[in-house]
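The structure appears right after this line, and notes come after that.
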Amino acid sequence: MAHAVTHRSHSFGIADRAAVLIQDLRDRLARRKVYRETINEMSVLSNRELADLGFNRSQLRSIAWEAAYGNK
């Protein structure tokens, strides 16, 4: 004889799902803003100023990525 076993996990209603999606979007937009601001702020520096900081212009995207999203 077989019987069905039902496991109920925490179920989220549509309002909860929408809230999670909205918060995820806000988080993504905030990280993207940090990325853009970092690129913009560092791109106005001269090559000499970047070198003084220990950076090369070719590193700007990876520096901005790390600032916004953490290590690769």
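From a predicted model like this one, the values you see are computed outputs, not experimental measurements. These values consider heavy atoms only, across backbone and side chains, with no hydrogens, waters or symmetry-generated copies.
Within a 6.0 Å radius of CG in Leu21, other residues, nucleotides and ligands contribute more than 12 heavy atoms.
One finds the CZ atom of Arg36 at 8.0 Å from the CG atom of Leu29 (value rounded to the nearest 0.5 Å). We find the CZ-OG distance between Arg61 and Ser43 to be 11.5 Å, quoted to the nearest 0.5 Å. Separation of atoms CG (Leu50) and CG (Leu53) is listed at 6.5 Å; rounding is to 0.5 Å.
Of all heavy-atom pairs spanning Thr38 and Ala64, the tightest one is CG2-CA, 3.7 Å. In plain terms, the two heavy atoms of Met42 and Leu60 that are nearest each other are CB-CD2, 3.6 Å. The two residues Ala68 and Val34 have their closest heavy-atom pair at CA-CG1, 3.8 Å.
Using the six-membered ring where Trp is involved, Tyr35 and Tyr69 have ring planes that are tilted, between 30° and 60° apart.
For Arg28, the side chain to side chain donor-acceptor pair (under 3.5 Å) partners are Asp24, not counting sequence neighbours. Take Asn56 and apply the side-chain contact (heavy atoms from CB on, under 4.5 Å) test, not counting sequence neighbours, and it matches Ser58, Gln59. For Asp52, there are no side chain to side chain donor-acceptor pair (under 3.5 Å) partners at least two apart in sequence or on another chain.
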